[in-house]
Amino acid sequence: MPQQPPLGVAVIGTGRMGADHVRRIDEVIHGARVAAVVDVDAERAKAVAGRVEGCAAYTEPAAAMASPDVDALLIASPGPAHEAALLQAFAHDLPVLCEKPLTPDPAAALRVLEAEQRLGHRRVQVGFMRRYDAGFMRLKSVLDAGEFGRPLMLHCQHRNASTPPGFTSQMMINDSVVHEIDTTRWLLDQEITAITVLRPAPSTAAPAHLSDPQLVLFETSGGAVVDVEIFVNCGFGYQVRCEAVCESGSARTGEEAGLVTHSAGRWGGTIPQDFVPRFAEAYDRQVQRWVDATRRGTVEGPSSWDGYAAAAVCEAGVTAQATGRRTTTALIERPALYA
C-alpha cells in the first residue's frame, strides 16, 4: 500500500501563536508539513516561510486556500479575523483547527454554525488545548468513570504573572476565563446557565484601570457550581489548577510537576511564566490528533458548537462583570450536527 503523503497545512497568522504552530508542525509532529503561511505583514510571512522548506508565503487567506498544496488550515490570526477565514474555508470544504476564540461574539459564531451546517458535516476543531493536557485528561476520565459519584463543584485557579499594556477587565473573561468556561462544559458535560463576577479589593500590583483579581461563579444545567479565581497580575508565575469535588471524593490537577530541589535547608522548584511551557505537551498532542483525524477523513475535539457556547457565556460574563449582577446565558437549541 502506498504511503499517504503528509497533510499540507496553511497556518494563518504568524504572530507568537502562529509561529509556534509552524515550528510544531515542522519539527515536532508527524504526518503533516507547513505548505503555506499567511499574514497581513508580508515581510513577517516571508521570514517565517523562509525557515521551512517548500513553504509559500501569502498575505491573503483566500490565496493560500486556492493552492493545490494546501489540504487543511490552522487559524492563529486575531479573533476578529476568524469568521471570514472560516467561511472561506467552508467554500473550499477544508478542515480547520481554529485557535480560540471561534469568533469574538456569539452572533458571528452562529453564522459560522449555520455555514458549517449547510456543508452537512463538521469541518472545524476549536483550539481549546486544555482538553489535551495530560492532567486534565486524567481528571476527565475520573469524572466520566463515576468512581467518586456525581460532581458537585469545581474549584479553579487561573493566574498570570503579569498583563501586557492594554489588557482590560473584559479580556479577563474573553481571553482567560474562556478556558475555564470550556473546561467546565467538557469536564461536566453540562452547559453553563448563569454567571456572576465578584470583585475583591484590587491587588496593588494591578494596573490602575484593571480590577484584579476577580472571582467568577458558574451555575450549570446539572446543578453544579464552579468558582474561578482569575488573577492576572499575581507576580510570581503562571498557574492553572482545577479540583472536582464529588459526592464521595475529589480529584485535582494542575499541581506543579517537574524537578524539585533540596538544598541549603530549602526545597523548591520552578513555576512557568506563561502558558507556552505549561501547555507545550497539550499543544503538541492537540495538533497531532487533529492531523491524525484529518488524514483519516474525520473531525474530533471541540466543535464549532463548543466555540459558540463559550462565546455566549463570555458575553454573559462581561455583562455580569460590568453590572455586578448574576447574568443568565442564552443558547440556541443544539443542532443535530453537534449532538
Side-chain angles (χ1 to χ4, degrees), residues 100 128-161 172-173 175-200 203 212-258 260 267-275 277-283 285-286 302 306 309-310 313-314 317 320 326 329:
K100 67 88 182 167
F128 287 120
M129 80 294 182
R130 287 192 194 173
R131 298 193 187 199
Y132 297 91
D133 174 75
F136 277 95
M137 291 170 69
R138 287 194 293 271
L139 180 57
K140 173 66 170 170
S141 296
V142 167
L143 296 182
D144 285 350
E147 60 180 292
F148 297 143
R150 180 171 59 89
L152 305 173
M153 295 180 288
L154 299 180
H155 300 303
C156 306
Q157 295 173 339
H158 187 153
R159 298 169 177 161
N160 293 63
M172 293 175 72
I173 301 293
D175 293 320
S176 297
V177 177
V178 63
H179 285 290
E180 278 73 28
I181 290 170
D182 182 71
T183 299
T184 293
R185 297 181 58 257
W186 171 63
L187 287 176
L188 302 181
D189 195 23
Q190 299 171 23
E191 296 296 352
I192 296 170
T193 56
I195 183 167
T196 304
V197 179
L198 304 176
R199 301 191 190 198
S203 164
D212 180 38
Q214 298 180 17
L215 185 68
V216 184
L217 305 176
F218 304 149
E219 301 167 45
T220 76
S221 56
V225 174
V226 180
D227 61 82
V228 181
E229 173 207 312
I230 177 68
F231 190 6
V232 294
N233 287 278
C234 74
F236 57 81
Y238 180 82
Q239 291 180 322
V240 169
R241 296 169 174 165
C242 180
E243 180 181 24
V245 179
C246 305
E247 292 174 315
S248 59
S250 67
R252 182 173 63 238
T253 188
E255 299 301 318
E256 278 71 22
V260 176
W267 64 272
T270 60
I271 300 174
Q273 292 302 294
D274 61 27
F275 65 92
R278 168 65 177 83
F279 287 109
E281 291 184 6
Y283 280 114
R285 188 178 293 112
Q286 170 188 247
D306 296 308
V313 177
C314 281
R326 174 182 179 273
T329 59

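The shown structure was predicted, so the numbers you read here are calculated from the model rather than taken from an experiment.
- Within the 4.5 Å cutoff, no side-chain heavy atoms of V177 are placed close to those of H158.
- Between the side chain of S248 and the main chain of F148, a donor-acceptor pair closer than 3.5 Å is present.
- Scanning for salt bridge (charged side-chain N to carboxylate O under 4.0 Å, His left out) contacts around R326 gives E219, with sequence neighbours left out.
- Taking CG from D189 and CG from D144, the interatomic distance works out to 7.5 Å, rounded to the nearest 0.5 Å.
- Checking each of R131, K100, R130, M129 against D182 for a side chain to side chain contact (heavy atoms under 4.5 Å, CB included) leaves exactly one that passes, namely R131.
- Residues V232 and S176 meet the side-chain proximity criterion, which asks for heavy atoms closer than 4.5 Å.
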task = Tell me, with the steps shown, if N233 and S203 meet side chain to side chain contact (heavy atoms under 4.5 Å, CB included).
result = CA-CA 8 Å; N233 287 278; S203 164; 5.8 Å; no
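- To the nearest 0.5 Å, atoms CG (D306) and CD1 (I181) are separated by 12.5 Å.
- Shown here is R138, whose CZ atom has no more than 12 heavy atoms of other residues, nucleotides or ligands within 6.0 Å.
- Here the shortest heavy-atom pairing between L143 and P151 reads CD2-CG, 4.1 Å.
- For the residue pair P200 and P213, the shortest heavy atom distance occurs at CD-O, 3.4 Å.
- Under the 4.5 Å side-chain criterion, counting only non-hydrogen atoms from C-beta, C246 is not in contact with V142.
- In this structure, the separation between CG on N160 and OH on Y238 is 6.0 Å, given to the nearest 0.5 Å.
- Here the straight-line distance linking atom OG of S250 with atom CG of L152 works out to 11.0 Å at 0.5 Å rounding.
- Between R252 and R241 the shortest side-chain heavy-atom distance does not fall below 4.5 Å.
- To the nearest 0.5 angstrom, W186 atom CH2 is 7.5 Å from L139 atom CG.
- Scored by the salt bridge (charged side-chain N to carboxylate O under 4.0 Å, His left out) test, E147 finds no partners at all (sequence neighbours excluded).
- In plain terms, the two heavy atoms of A310 and V178 that are nearest each other are CB-CG2, 4.1 Å.
- Side-chain contact between C156 and T183: absent, with no pair of heavy atoms (C-beta onward) separated by less than 4.5 Å.
- Of the possible polar contacts, none joining the T196 side chain to the L217 backbone as a donor-acceptor pair under 3.5 Å is found.
- Side-chain contact between F231 and D212: present, with at least one pair of heavy atoms (C-beta onward) separated by less than 4.5 Å.
- Put simply, the side chain of Q190 gets close to the backbone of G222: a donor and an acceptor are under 3.5 Å apart.
- Put simply, CG on L154 and CG on L187 are 6.0 Å apart, with the number rounded to the nearest 0.5 Å.
- The aromatic rings of F128 and H179 lie perpendicular to each other, with more than 60° between the two planes, well past the 30° mark.
- Looking at residues two or more places apart in sequence or on another chain, you find a salt bridge (charged side-chain N to carboxylate O under 4.0 Å, His left out) between D133 and R278.
- Counting heavy atoms from C-beta outward, M153 and D227 have side chains that stay 4.5 Å or more apart.
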